[in-house]
Amino acid sequence: MDFVDKYIMALLEKKIPVGHWVKISVEFITDHFSNQFNLISDNLEAFLQWIIQMLLFIHPLLLILSICALAYGLHRKISMVIGVALALLLIYNQGYWNATMETCALVLVSTVVSVVLGIPMGIISAHRPIIFTCIRPFLDLMQTIPTFVYLIPTLMLFGLGMVPGMISTVIFSIPAPIRLTYLGISSVPQQLIDAGKSFGSSPFQMLYKVELPHAMPTIMAGLTQCIMLSLSMVVIAALVGADGLGKPVIRALNTVNIAQGFEAGLAIVILAIILDRLLKQPGNVDYSY
């Protein structure tokens with residue numbers, strides 16, 4: 001028994017070179033596919049800059065009026081319109097309008113990518129539970145691993161700028177639409193499914209006319225969570241050169257500038273509250289997963 005215990009302890013004390021394997025993999029990809037990643041990075045950077053220029057091209061007051069009109073059209077509440085207008089005017093008054101538009105562009109693109117990839121994956125997982133069982137550990141890993149770890153490989157592959165910040169944001173936020181879409185589709189009552197089948201609905205008709213309408217509040221909650229998670233990555237993305245509200249926060253942290261840090265942080269909070277209120281769905285739905 002002593003020999004077995006010593007043998008087991010010797011095996012346990014021998015370090016498995018997981019980090020070394022990852023390093024070799026990233027270096028191999030960087031050495032052999034650097035041109036492809038540079039092309040992807042340049043195109044994504046150009047696309048993000050184009051969106052930023054489009055947002056900045058519109059006069060701030062006109063854009064604020066448009067957002068207020070959207071808020072009224074979605075919720076029909078004058079109090080919300082007044083609150084949105086005052087909040088955006090405060091951001092403009094504090095001098096963080098350009099940084100806010102840069103953050104909006106990063107969040108918008110990251111959210112669109114996460115939703116376009118996440119919702120179909122959630123639908124497939126709901127119809128094939130074995131797929132969700134397989135991807136669930138990866139979803140847990142993507143949401144629990146420290147966000148700074150994402151920046152190392154993305155920085156090596158895509159270089160400095162907004163692209164590595166966007167890729168890291170997508171990795172961090174995409175589990176939300178996948179999980180909540182899976183939850184919404186899989187929680188459709190069996191009576192609705194049986195009724196659809198009794199009327200001879202095809203699988204696509206079942207999805208489009210029965211499952212998605214019933215699951216839409218939960219899917220919208222996944223969209224809201226995706227946006228909130230994307231906003232939480234703003235400061236982290238600034239560490240790899242991403243523009244936006246994260247830069248003044250990092251600058252204030254380095255110089256211990258309390259005023260600048262509070263102003264930039266307040267702008268992030270205001271942006272998060274506005275997006276959450278605009279996308280908030282009426283009714284109470286259990287969004288736990």
Side-chain angles (χ1 to χ4, degrees), residues 40-41 43-56 58 63 66-67 70-71 73-75 84 87-88 91 99-125 135 138-139 142-143 147 150-151 154 158 161-185 212 215-238 240 242-246 267-281 285 287 289:
I40 295 173
S41 178
N43 289 330
L44 287 176
E45 186 77 24
F47 180 65
L48 286 167
Q49 292 298 329
W50 178 76
I51 294 178
I52 292 172
Q53 293 304 318
M54 289 292 294
L55 291 174
L56 293 177
I58 306 173
L63 187 56
S66 302
I67 297 173
L70 177 63
L74 291 175
H75 298 276
V84 169
L88 292 175
I91 293 177
T100 301
M101 293 301 102
E102 293 168 347
T103 296
C104 284
L106 180 61
V107 171
L108 176 64
V109 175
S110 301
T111 302
V112 169
V113 173
S114 298
V115 169
V116 168
L117 296 178
I119 291 179
M121 182 60 67
I123 294 173
I124 295 172
S125 301
I135 67 174
F138 296 98
L139 299 179
M142 291 161 69
Q143 287 193 302
T147 52
Y150 296 147
L151 301 179
T154 54
F158 297 100
M162 298 191 72
V163 175
M166 189 201 78
I167 300 297
S168 301
T169 302
V170 170
I171 295 173
F172 183 65
S173 61
I174 196 172
I178 294 177
R179 288 180 182 273
L180 287 169
T181 302
Y182 166 81
L183 175 65
I185 298 295
L212 284 179
M216 190 53 65
T218 311
I219 294 174
M220 289 301 297
L223 173 61
T224 303
Q225 283 198 8
C226 185
I227 293 175
M228 296 301 107
L229 291 171
S230 299
L231 276 172
S232 69
M233 288 289 290
V234 169
V235 178
I236 307 299
V240 291
D243 296 325
L245 293 170
I268 296 174
V269 172
I270 289 174
L271 184 59
I273 293 175
I274 291 175
L275 293 175
D276 178 69
R277 295 297 185 270
L278 288 178
L279 296 174
K280 185 177 181 180
Q281 295 291 302
V285 180
Y287 299 134
Y289 51 85

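What you see below is based on every heavy atom in this structure, not just the backbone, and it leaves out hydrogens, waters and symmetry mates.
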Check your understanding: For V113, which residues count as a side chain to side chain contact (heavy atoms under 4.5 Å, CB included) partner, sequence neighbours excluded?
Key -> V109, L117, V170
Review point. Mind checking what makes side chain to side chain contact (heavy atoms under 4.5 Å, CB included) contact with V269, not counting sequence neighbours?
Key: I273
**Study point:** Non-neighbouring partners of F138 that pass side chain to side chain contact (heavy atoms under 4.5 Å, CB included), sequence neighbours left out
**Key:** none
Exercise for review: For S173, check side chain to side chain donor-acceptor pair (under 3.5 Å) against everything at least two apart and list the hits.
Suggested key: S114
Study note, to complete from the structure: In this structure, CD of E45 is separated from CE of M166 (nearest 0.5 Å) by 10.0 Å
Review point. Is there a side-chain contact between L63 and M101, using heavy atoms and a 4.5 Å cut-off?
Key: yes
Practice item. Apply the side-chain contact (heavy atoms from CB on, under 4.5 Å) test between I119 and each candidate in I124, I219, L180; give the one that qualifies. Key: I219
Review point. In Å and rounded to the nearest 0.5 Å, what is the CZ to CD1 distance from R179 to I174?
Key: 12.5 Å
Review point. Quick one: side chain to side chain contact (heavy atoms under 4.5 Å, CB included) partners of L70, sequence neighbours excluded?
Key: L74
Check your understanding: Partners of T103 by side chain to side chain donor-acceptor pair (under 3.5 Å), sequence neighbours excluded?
Key -> none
Practice item. Check V84 against A71 and note the closest heavy-atom contact, atom names and distance. Key: CG2-CB, 4.5 Å
Practice item. List the atom of P177, the atom of C226, and the distance in Å for their closest heavy-atom pair. Key: CD-CB, 4.1 Å
Check your understanding: What residues, two or more places apart in sequence or in another chain, satisfy side chain to side chain donor-acceptor pair (under 3.5 Å) together with Q53?
Key -> none
Exercise for review: Give the minimum heavy-atom separation between S230 and T111, together with the two atoms involved.
Suggested key: OG-OG1, 3.8 Å
**Study point:** Any donor-acceptor N/O pair, E102 side chain to L245 backbone, under 3.5 Å
**Key:** no
Check your understanding: Does the side chain of Q49 reach to within under 4.5 Å of the side chain of I52, using non-hydrogen atoms?
Key -> yes
